[in-house]
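Chain letters run A, B, ... following the sequence lines, proteins first and then strands; every chain starts at 1. These numbers come from a predicted model, not from an experiment.
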There are 2 protein chains.
Amino acid sequence: MKNKNQKPANRNEKNPLPSENETQIVQLLLKCGLFLQRAMNQVCQRFGLKQQQFSVLNEIVLHGPISQKDLGEKLLFEKSNVSKIVNILSEKKWIRVVVAPHDGRLTLLSETPEGIAVWKKCMQAFHESSSKFISVLSEYEAVNVIKLLKKLQKAFKRK
Amino acid sequence: MKNKNQKPANRNEKNPLPSENETQIVQLLLKCGLFLQRAMNQVCQRFGLKQQQFSVLNEIVLHGPISQKDLGEKLLFEKSNVSKIVNILSEKKWIRVVVAPHDGRLTLLSETPEGIAVWKKCMQAFHESSSKFISVLSEYEAVNVIKLLKKLQKAFKRK
DNA sequence: CTATAAAAGTTTCCATGTCAACCAAATATT
DNA sequence: AATATTTGGTTGACATGGAAACTTTTATAG
C-alpha cells in the first residue's frame with residue numbers, strides 16, 4: 001500500500017520490458033506451479049500425503065494397474081522420484097506392488113481399499129481448494145486454459 | 001510406441017473421469033510447473049544459477065532497487081527462500097544489498113555490472129529454451145495463455 | 001515514554017526432489 | 001548359445017525449498 005510513495009524512483013517505470021511472449025509464459029507457469037505446489041502440499045498433508053504422492057495415488061486409482069515407467073511419463077516425474085513415492089505409498093498400504101507377469105522388470109501398481117479411502121477424502125479437499133483458486137476464471141476461460149495447458153504439456157513429453 | 005499393444009487392459013479405458021475443471025487446471029499447472037522447473041534449472045545452471053535464483057536476479061534487474069518483501073510477494077516465494085537466494089547472489093557479487101535509509105528492517109537490492117552480464121547471457125538461453133517449449137502454441141494462443149495465467153496468478157497473491 | 005505488538009529478515013531443522021551410478025531383467029547382436 | 005545393449009527400477013549423495021522459531025527494527029498502546 002505504500003510502495004508507490006516510498007519509492008518514486010523512475011527506475012520502476014523503465015519499460016516494463018514486456019519480454020518475449022514465450023519467456024513470459026514459462027515464467028508465469030513456473031510461478032503458478034511453485035505457488036500451487038506449496039498450497040496443495042498443505043491440503044494433502046492433512047491426509048498424510050504430499051502433493052506429488054497424491055498425484056501418483058490418483059493416477060493409480062484412475063488408471064488401474066500401471067507401471068512406474070508409465071507413471072513417470074504421464075506425470076512427468078523423475079523415475080527415481082516415482083520409485084521413492086511408490087515405496088512410501090506401499091509402506092502405508094495404500095497401493096499394491098507386483099512384478100508384471102510377462103516382464104520381470106516392470107512393477108504393476110494398483111490401489112488398495114484403504115488407498116481408495118484416503119484418495120477420496122484427499123481428492124475432495126483438493127477439489128475444494130482448487131475451486132477456490134480457480135474461481136476467478138469463468139467457465140469459458142477455464143475450458144480454454146485446459147485446452148491450452150494440455151497442448152503445452154503434451155509437447156513437453158518429448159523434449 | 002508400444003504402450004498400446006503391451007497392455008490392452010480395458011481398465012485404462014474406464015471413464016477417463018474428466019474430473020472437475022478446477023481440479024484439472026491445478027493438476028495441469030502443477031505438472032507443467034514441475035517440468036519447467038527442472039528444464040529451466042538445467043538451462044540456468046550453465047551460468048551458475050538455479051532457476052529461482054535467476055528469477056530473483058531478473059526481478060532485481062528489471063525492477064530496480066527492491067526489498068526482499070516485495071520480491072517475495074511478486075514472485076510468490078517464501079521469505080526464507082528469498083533470504084537464502086539473496087545471500088547466494090550477493091556472495092557472487094551479482095547484486096548489492098543495502099539497508100533502506102528510512103526503515104532499518106528493509107534491505108534494498110540492486111544489480112551489479114557483473115550481475116547484469118550474467119543476467120543477459122542467462123536470459124538469452126532462457127528465452128531460447130522457452131521458445132522451444134512454447135512453439136506449439138500459435139501467437140494468438142500464446143497471448144491468450146498469458147492473459148489467463150496472469151489473471152490466475154494475481155488471484156493467488158491474496159489467498 | 002515505556003511496553004507490547006507487528007513487520008522484515010535470518011537461521012535451523014527436516015523432508016524431498018534430482019542427478020548419477022548402479023542392478024537386474026529383457027533384447028539384440030554375433 | 002554368449003555377450004553386449006537397452007530398459008525399468010533402486011540407491012545414495014547432495015542441494016534446496018518450506019515451516020517454524022528467532023532477532024532486530026519499527027509501529028502502536030496505555
Side-chain angles (χ1 to χ4, degrees), chain A residues 1-3 6 30-31 33-46 48-56 65-91 97-109, chain B residues 1-3 6-7 30-31 33-46 48-56 65-91 95 97-109:
Chain A
M1 53 166 99
K2 40 57 198 290
N3 275 0
Q6 160 188 331
L30 285 168
K31 199 160 153 183
L34 182 66
F35 175 84
L36 285 176
Q37 168 131 13
R38 262 201 319 267
M40 287 306 142
N41 247 333
Q42 295 197 348
V43 170
C44 295
Q45 219 130 33
R46 298 207 299 267
L49 284 164
K50 287 303 186 88
Q51 174 265 312
Q52 294 200 356
Q53 295 167 5
F54 174 69
S55 292
V56 168
I66 184 174
S67 70
Q68 293 193 31
K69 171 183 161 58
D70 291 347
L71 254 177
E73 282 173 4
K74 266 208 169 178
L75 299 175
L76 298 180
F77 281 15
E78 210 67 29
K79 67 178 182 173
S80 67
N81 195 13
V82 173
S83 173
K84 286 170 187 168
I85 292 175
V86 163
N87 259 348
I88 293 175
L89 291 180
S90 101
E91 267 172 23
V97 183
V98 302
V99 178
H102 34 7
D103 188 334
R105 291 169 301 181
L106 291 171
T107 60
L108 288 187
L109 312 172
Chain B
M1 53 168 99
K2 37 69 204 285
N3 274 0
Q6 159 187 333
K7 206 191 336 146
L30 285 168
K31 198 161 154 182
L34 182 66
F35 175 84
L36 286 176
Q37 168 130 15
R38 260 200 321 266
M40 288 305 142
N41 247 333
Q42 296 197 348
V43 171
C44 296
Q45 219 130 33
R46 298 206 298 268
L49 282 164
K50 288 303 184 88
Q51 173 267 313
Q52 293 200 359
Q53 295 167 4
F54 174 68
S55 292
V56 168
I66 185 175
S67 70
Q68 293 194 31
K69 171 182 163 54
D70 291 348
L71 253 177
E73 283 173 3
K74 265 208 171 179
L75 300 175
L76 297 180
F77 282 15
E78 210 67 29
K79 67 178 181 172
S80 67
N81 196 13
V82 173
S83 172
K84 288 169 190 166
I85 293 176
V86 163
N87 258 350
I88 293 174
L89 291 180
S90 102
E91 267 171 22
I95 63 173
V97 183
V98 301
V99 178
H102 33 7
D103 188 336
R105 293 169 301 182
L106 291 171
T107 61
L108 288 187
L109 311 172

*How long is the span from the CG atom in B:Leu36 to the CG atom in A:Leu30, to the nearest 0.5 Å?*
5.5 Å
*Residues in side chain to side chain contact (heavy atoms under 4.5 Å, CB included) with A:Thr107, at least two apart?*
A:Gln68, A:Val97, A:Leu109
*asked:* So, does A:Arg38 get its side chain near the phosphate of D:dG18, meaning an N or O under 4.0 Å from OP1 or OP2?
replied: yes
*Could you check A:Leu34 against A:Asn87 and say which one's nearest nucleotide on DNA chain D is further toward the 5' end?*
A:Asn87
*Within the structure shown, what part of the strands sits under 4.0 Å from A:Gln42 by heavy-atom distance: base, sugar-phosphate, or nothing?*
sugar-phosphate
_For atom CZ of A:Phe77 and atom P of D:dG8, their distance in whole Å_ = 18 Å
*Can a side chain N or O of A:Ser83 be found less than 4.0 Å away from OP1 or OP2 on D:dT10?*
yes
*Where is the tightest heavy-atom contact between B:Leu89 and B:Leu49, given as atom of each residue plus distance?*
CD2-CD2, 3.8 Å
*asked:* From CD of A:Glu73 over to P of D:dT7, roughly how many Å is that when rounded to an integer?
replied: 11 Å
*If you pin A:Gly104 and A:Asn81 to their nearest nucleotides in DNA chain C, which one's is more 5'?*
A:Asn81
*Are the side chains of A:Phe77 and A:Ile85 in touch, meaning some heavy atoms are under 4.5 Å apart?*
yes
*Report yes if at least one side-chain N or O of A:Lys79 is closer than 4.0 Å to OP1 or OP2 of D:dG8; otherwise report no.*
no
*asked:* Whole angstroms only, please: what is the CG-P distance between A:Leu30 and C:dG17?
replied: 17 Å
*Contacts of type side-chain hydrogen bond (donor to acceptor under 3.5 Å, both in side chains), residue A:Glu78, not counting sequence neighbours*: B:Arg38
*Rounded to the Å, how far apart are A:Gln51 CD and D:dA19 C1'?*
17 Å
_Under the rule for side-chain hydrogen bond (donor to acceptor under 3.5 Å, both in side chains), what residues qualify as partners of A:Asp103, not counting sequence neighbours?_
A:Arg105
*Which nucleotide sits closest to the side chain of B:Gln68: D:dT6, C:dT10, D:dT10?*
C:dT10
_I need the CG-C1' distance between B:Leu71 and C:dA8, as an integer number of Å._
13 Å
_Could you tell me how far apart A:Lys69 (NZ) and C:dA26 (C1') are, to the nearest whole angstrom?_
14 Å
*Please name all residues satisfying side chain to side chain contact (heavy atoms under 4.5 Å, CB included) with A:Lys84, sequence neighbours left out, ordered by chain then number.*
none
_Applying side-chain hydrogen bond (donor to acceptor under 3.5 Å, both in side chains), can you list everything that pairs with B:Ser83, at least two apart in sequence or on another chain?_
none
*Hey, which sits more toward the 5' end of DNA chain D by its nearest nucleotide, B:Gln53 or B:Ala100?*
B:Gln53
Polar pairs (N or O, both sides) under 3.5 Å between protein and nucleotides 12-15 of chain C?
from: C:dT12; atom 1: O4; to: B:Lys84; atom 2: NZ; distance (Å): 3.3

*So, is A:Gln52 close to the C:dT16 phosphate, meaning a side-chain N or O under 4.0 Å from OP1 or OP2?*
no
*In whole Å, what is the span from the CG atom of A:Asp70 to the C1' atom of D:dG8?*
11 Å
*What is the distance, rounded to the nearest whole Å, between atom CG of B:Leu108 and atom P of C:dG9?*
8 Å
*Counting heavy atoms from C-beta on, name the nucleotide in D:dG17, D:dG9, C:dG9 closest to the side chain of A:Thr107.*
D:dG9
